[in-house]
Enquirer: 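Below you will find the structure I want to go over with you.
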Amino acid sequence: RPRRNPLCWAPNDYRPNRVVGNSARRTTQALRASGFFNTSTHRDAVISSKKKLPQGKPRPSRNVENIAAERIQRTYRAWKMYCTANKDWIEITSVCAVRIQANW
């Protein structure tokens with residue numbers, strides 16, 4: 001018995017890569033019927049709207065940048081302290097998750 005070609009068209013399989021065969025027309029029809037065709041409508045709208053906007057934004061003041069940097073650093077340090085304080089718990093839950101997934 002000859003092996004089946006996985007790229008052959010299957011009537012009940014709507015995945016685009018399974019429909020691709022010898023006929024480009026058949027593939028295009030299947031993609032249109034399933035709604036998986038590519039469209040550039042939204043992309044074109046975004047590009048045209050970006051062209052209409054003025055190109056440079058004013059840079060925030062140095063004070064605003066410093067406040068933002070301090071806030072980011074505070075958040076990172078708090079997260080790092082949390083990870084250090086709960087290192088054992090994080091490792092245990094990770095190991096347990098792997099064991100559960102292995103048995104599932």
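What you see below is based on every heavy atom in this structure, not just the backbone, and it leaves out hydrogens, waters and symmetry mates.
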Enquirer: Could you give the distance from CZ (R99) to OG (S94), rounded to the nearest 0.5 Å?
Expert: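 One finds 11.0 Å between CZ of R99 and OG of S94.
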
Enquirer: Can you tell me how far CG of N66 sits from OG of S61, rounded to the nearest 0.5 angstrom?
Expert: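 CG of N66 is found 8.5 Å from OG of S61.
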
Enquirer: When you measure from the side chain of T84 to the backbone of K80, do you find a donor-acceptor pair of N or O atoms at a distance under 3.5 Å?
Expert: yes

Enquirer: What distance separates N86 CG from M81 CE, expressed to the nearest 0.5 Å?
Expert: 10.5 Å

Enquirer: To the nearest 0.5 Å, tell me how far T93 OG1 sits from D88 CG.
Expert: 10.5 Å

